[in-house]
2 protein chains.
Amino acid sequence: MATIADVAAHAGVSKSTASRALRGAGTVSAATRRRVQHAADQLAFVATPSAARLATGRTHTVAVVTPFVCRWFFATAVAGIQHELARSGFDLLLYDLHQPAARERFFTQMPVRGRADGAVLLTLPVSEAEETALAGLRVPMAFVGDIVPGSSSVRIDDRGAARLATRHLLNLGHQRLALIGGDPSEPMGFAAPAQRRAGFDDAIREAGVVVPEAHVAAGDFTAAGGAVAMSQILAAERIPTAVFVASDEMAFGAVHTIRQLGLRVPQDISVIGFDDHELAEPFGLTTVRQDVYRQAHAAARSVLDTIAAGESASPRHRVVSTELVVRDTTARAGEPPSAHRTIPPHERNTA
Amino acid sequence: MATIADVAAHAGVSKSTASRALRGAGTVSAATRRRVQHAADQLAFVATPSAARLATGRTHTVAVVTPFVCRWFFATAVAGIQHELARSGFDLLLYDLHQPAARERFFTQMPVRGRADGAVLLTLPVSEAEETALAGLRVPMAFVGDIVPGSSSVRIDDRGAARLATRHLLNLGHQRLALIGGDPSEPMGFAAPAQRRAGFDDAIREAGVVVPEAHVAAGDFTAAGGAVAMSQILAAERIPTAVFVASDEMAFGAVHTIRQLGLRVPQDISVIGFDDHELAEPFGLTTVRQDVYRQAHAAARSVLDTIAAGESASPRHRVVSTELVVRDTTARAGEPPSAHRTIPPHERNTA
DNA sequence: CTGAAAGCGCTTACAG
DNA sequence: CTGAAAGCGCTTACAG
């Protein structure tokens, strides 16, 4: 591995000018710049990151901290951030706080310290202690889905979007609604579930509709959890005709449960999800779309901009719009089966 | 930020012994060790990573390079690696090669150099040039899904698993099979699609069954791609009674297309996927399971072990088993609807 | 067991 | 425009 001393020697200059020439910093004559560059190419020189970092204090790295990398929302967000970072030549350090223990270890040990110039936190409401720990990092941060004073944020209007989803059900004439939301005692303490519940409540209150407790169930934002929650609701004496599910992944499970019990979607029960998961379209799930990739992208951009601008930049708070996407899992209350759900005059197997 | 000189001063020792005491290296008397530790705690000392790296040459970081973080397989693998790394106090640097341009940039610039002590590469068949570029890193590597001489690998028997899936269809009495596989001209050049195709071919050859070209279509391993591929197959003069789809995500799309056209799964067409995606269970998709989390975990472990052992450790090649998981999307050829698919005597809506 | 010194490989005022 | 020197903050032989 060639060092900068090697390229300096090859080019017949000092380390100082070699360094300056390579980084385009300071003033270097065009001729020497060329000589140095040539020497560097010859030797396939590339600066040792740790040495450059120690000297400059900059890491050209951004940390991403997330619960559950493996879930759609977070994986999509990580992709969005990675792509934006790559465009600026920044590396991405990933921290997954999948368990309370991992979360605690992260906030007490602060492995990010000295390893990143900025951080983006995904959907992670932080306690006061955690907030001060993060502040101790003294690097720009952006939050996706939460607002923390002093840091930038990008999010959607969860409450408004949930209200929109619920109104869609109401507008279709449904009176017996159900909700599959989040578990308030969930250890990560996510903010979105409560917001979505509030939006649901807004809508039913406005419509003067009452939802019995038996029609409210909590899932863990997985399909399996949604399936279980749905079966709890369907065990009620009187079952709903429509259900708002606070995530598409749970909605997939809910739809499956309904069908397993021999009921039809949407003829017997309408289902609307939340997210516009990549499988929502192929599955015909009605939902409200949020653009996760774009939110993540914007958060990364904002961190990058703040890094470039130095401490000066003031935090930006952005709200990304959502959109109702009507597909095949919602229908008017009491509607007969739609035409394309019946057996069509298509070629059939005879094997 | 306190430096090691600060804690040395506080403890009344030299930097050398302070360093030794903190890292448990060399020999330090119990008493001084305690004094130093106390001083470090007081000052909330934590070694500056770049300085430690420059001095030792170790980064305590592993790089993960993947196409598409946002797809289930890769996101799950990243989670598996992250969790194993965290247990050993290693950081994870993530590189997403989602586009040919990003891939080329990665292999020419080699951003991993000097930033990681090891790497795990996900499902990425490398060219010779790329292989030598990686070798230049001089760090232990493990591949998930591919074999590269000199590096460890963890994978499944794609060909055998595909054969298994196809035999399941054959065993159910199906004679008119179809295949939704990968596109051989896909730029990433993944190895699995060809292997799965080969396994399919093995099975039909053994069974003496012939599959017309019209019953073979390529998808891009997304649900949308699977849906399109399925509709191409269903445009054939004579449609199949069963289809092997090389990934669950494509299978989801395929099932959707079949149902959209008014045909039933599995009564009219049986569908088997590949992966055991987390949504396969809630959706009742028959498939062959591969444990991605475990493969990733093992790959990370193997890199970590090699790092710990130094150059001495010789590469390990592991093949993780797969398993047929029969659910609701496959049935005997010509089978009538199964009981639980018919309308059951359950409470119905009357709204 | 402990300390002084050199070194890891860069960068950056400061002179010239 | 260029060079000598100091410094970034650790670690590690080498003496003692």
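Protein chains get the first letters and strands the later ones, always in sequence-line order, with residue 1 at the start of each.
Rounded to whole Å, atom P of C:dC8 lies 18 Å from atom CZ of B:Arg58. Distance B:Leu22 CG to C:dC1 P: 17 Å, rounded to the nearest Å.
Scanning for side chain to side chain donor-acceptor pair (under 3.5 Å) contacts around B:Ser151 gives an empty result, with sequence neighbours left out. Looking at residues two or more places apart in sequence or on another chain, you find no side chain to side chain donor-acceptor pair (under 3.5 Å) involving A:Arg71.
B:His98 and A:His83 have parallel rings, their planes meeting at less than 30° on a 0 to 90° scale where 60° marks the start of perpendicular.
With pairs defined as Watson-Crick or G-U wobble and both atom distances under 3.5 Å, the stems of at least three pairs that touch DNA chain D come out as C:1-3 with D:14-16, C:5-12 with D:5-12, C:14-16 with D:1-3.
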Can I get a per-line list of side-chain donor-acceptor pairs under 3.5 Å for residues 42-50 of chain A, giving both atom names and the distance, sequence neighbours left out?
none

Discussion item. Before you tell me yes or no, could you show the steps for B:Asp91 and A:Arg115 under salt bridge (Lys or Arg N to Asp or Glu O under 4.0 Å), namely the whole-Å CA-CA distance, both residues' side-chain angles and the distance that decides it to 0.1 Å?
Written reply: CA-CA 10 Å; B:Asp91 281 330; A:Arg115 280 180 245 267; 3.2 Å; yes
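One finds no side-chain N or O of A:Thr32 lying less than 4.0 angstrom from the OP1 or OP2 phosphate oxygen of D:dC1.
At the heavy-atom level, B:Thr27 lies under 4.0 Å from base atoms of the strands shown.
Taking the side chain as every heavy atom from C-beta outward, A:Leu93 and A:Val62 never approach each other to under 4.5 Å.
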Practice prompt. Summarise protein proximity over nucleotides 9-16 of chain C in one line of letters, 5' to 3': B for base, S for sugar-phosphate only, - for none, counting protein heavy atoms closer than 4.0 Å.
Written response: BBSBB---
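Not a single donor-acceptor pair under 3.5 Å links the side chain of B:Ser153 to the backbone N or O of B:Ile147.
Applying the salt bridge (charged side-chain N to carboxylate O under 4.0 Å, His left out) test to every pair with at least one member in residues 11-28 of chain B, sequence neighbours left out, gives no pairs at all.
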